[in-house]
**Q** 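One structure follows; several queries about it will come next.
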Amino acid sequence: MSASIEVRGLSGLAANFRTMDGAAKQGIRKAMRERGEAQHAATVAECPKRTGFMASKTRLEFSPEGLTYDIGYHAEDFEGAGLAFYAQFVIYGTSRMAANDFLFRVHEFMRQDTTRAIGDELRASFERFRV
Amino acid sequence: MNTLLPSLRRALVERWVNDSALTALVGGRVLDRLARQGETMPYLRLGSRTEVPSDMRTLDRGGWDVTVTADLFCGGLVDNAYVGFEEAETIVNAMHAAVLEPLLLEGFGMASLRPDGTAYLSEDDGKTIHVPVRYRMSALESP
């Protein structure tokens with residue numbers, strides 16, 4: 001079974017700027033890489049650790065153009081190690097266990113920074129068009 | 001700036017408890033606490049919440065961007081037939097319908113919740129369906 005739990009940086013907004021000039025894309029790509037790596041590090045830090053397995057399987061994946069990123073957990077990483085995909089129980093909780101939705105919590109606390117970083121790059125791009 | 005979460009919690013529980021369509025489905029079981037062992041299903045449980053300062057805020061009015069997750073638990077054997085996901089979908093639709101009208105939040109005025117994602121999960125007992133339903137809201141302090 002293929003399953004995953006992920007959050008996406010900026011919901012692909014930046015990826016829709018297809019006509020953007022190359023310098024702006026380069027700037028946004030750099031900003032997204034920095035934000036993605038920072039969010040990934042924060043997610044790993046917040047992930048509950050008993051054996052450390054789940055934290056070690058926190059994936060960071062960039063889109064081919066590098067304009068968006070996904071952070072989360074894939075069932076195959078757990079099943080490949082002979083384990084149930086227990087990330088869903090940790091993150092969403094169960095009827096007998098409270099949730100620890102650190103994945104979304106980190107995302108919420110960092111999304112404004114990501115939005116601002118993209119905004120700064122777009123503003124710089126518009127300024128280049130004006131001169 | 002005061003937190004928005006207590007008034008949101010009160011308004012949300014009140015809205016769902018007083019909604020006749022949802023009450024018919026969950027029997028008024030909208031919990032703002034951990035469920036007791038053997039809690040009658042289906043039930044709703046208010047779960048995780050986040051609150052970050054909103055970009056909408058102004059110099060004289062603070063504001064929050066909020067997410068709140070409501071966990072629906074349902075499913076099980078009924079007359080030897082498995083009931084689960086269809087029941088869950090019906091209840092989730094009723095939850096959404098009940099919050100279409102904005103909520104009145106003490107200190108913040110009216111604000112609307114919007115659905116922000118739903119997952120339909122099977123628990124490892126093989127019969128319980130767990131549906132975390134996330135909502136998002138932005139609200140400014142009342143002037």
Side-chain angles (χ1 to χ4, degrees), chain A residues 1-13 35 38-39 42-43 46-48 70-75 78-79 82-120 122-123, chain B residues 4-5 29 31-57 63-76 84 88 114 116-138:
Chain A
M1 184 184 79
S2 175
S4 62
I5 304 171
E6 291 172 327
V7 290
R8 171 156 294 174
L10 215 63
S11 307
L13 169 68
R35 301 312 309 165
Q39 185 169 332
T43 303
E46 288 291 312
C47 179
D70 294 327
I71 294 175
Y73 301 90
H74 291 223
F78 291 70
E79 290 160 358
L83 298 168
F85 184 40
Y86 65 83
Q88 73 174 54
F89 302 128
V90 172
I91 291 169
Y92 291 117
T94 71
S95 54
R96 302 173 302 284
M97 185 176 88
N100 182 349
D101 65 349
F102 64 93
L103 180 68
F104 300 106
R105 198 166 61 237
V106 169
H107 182 62
E108 286 305 316
F109 282 98
M110 300 191 76
R111 68 200 300 267
Q112 286 184 348
D113 283 346
T114 306
T115 307
R116 281 191 201 103
I118 301 302
D120 289 346
L122 287 174
R123 266 190 295 279
Chain B
L4 169 65
L5 294 177
R29 289 182 291 278
L31 313 179
D32 189 16
R33 56 167 171 79
L34 287 177
R36 296 188 181 93
Q37 195 164 9
E39 190 87 46
T40 303
M41 284 198 272
Y43 65 88
L44 286 177
R45 183 183 77 191
L46 284 196
S48 311
R49 299 143 225 193
T50 64
E51 183 180 60
V52 295
S54 174
D55 280 344
M56 286 167 44
R57 66 189 185 276
W64 295 108
D65 289 338
V66 171
T67 65
V68 57
T69 301
D71 293 286
L72 164 65
F73 294 95
C74 63
R114 48 193 189 281
D116 189 49
T118 304
Y120 291 81
L121 309 169
S122 293
E123 292 202 348
D124 52 7
D125 63 5
K127 59 182 182 182
T128 304
I129 307 295
H130 174 199
V131 187
V133 185
R134 282 166 59 84
Y135 291 94
R136 183 175 293 280
M137 161 186 280
S138 296

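Throughout, a chain's letter reflects where its sequence line sits, starting with A, and its residues are numbered from 1. Just so you know, these numbers come straight off a predicted model, no measurement behind them.
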**Q** Less than 4.5 Å apart, any side-chain heavy atom of A:Arg111 and any of B:Val52?
**A**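 No; the side chains remain at least 4.5 Å from each other.
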**Q** Counting heavy-atom pairs under 4.5 Å with chain A, which one of B:Asp124, B:Asp71, B:Asp65 comes out on top?
**A**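 Among the listed options, the one with the most contacts to chain A is B:Asp124.
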**Q** Got a second to check how far A:Phe89's CZ is from B:Leu121's CG, nearest 0.5 Å?
**A**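 If I round to the nearest 0.5 Å, the distance is 7.5 Å.
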**Q** Please classify the contact between A:Met97 and chain B as side chain, backbone, both or neither, with a heavy-atom cut-off of under 4.5 Å.
**A**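 Just the backbone, heavy atoms under 4.5 Å.
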**Q** Within residues 36-49 of chain B, which residues come under 4.5 Å of chain A, heavy atom to heavy atom?
**A**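 The list, in residue order, reads B:Tyr43, B:Arg45, B:Ser48.
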**Q** A:Phe104 and B:Arg134: which non-hydrogen atoms are nearest, and at how many Å?
**A**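 Taking A:Phe104 first and B:Arg134 second, the nearest heavy atoms are CB-NH1, 3.5 Å.
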**Q** Donor-acceptor pair, B:Glu123 side chain versus A:Ser95 backbone, under 3.5 Å?
**A**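 Yes, the answer is positive, given that a donor and an acceptor are paired below the 3.5 Å cut-off.
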**Q** With a 3.5 Å cut-off and no angle check, do the side chains of B:Thr67 and A:Glu108 form a donor-acceptor pair?
**A**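 No pair is found: no donor N or O on one side chain lies under 3.5 Å from an acceptor on the other.
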**Q** Quick one: does A:Gln112's side chain have a donor or acceptor within less than 3.5 Å of a partner on B:Pro53's backbone?
**A**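 Yes: the side chain of A:Gln112 pairs with the backbone of B:Pro53.
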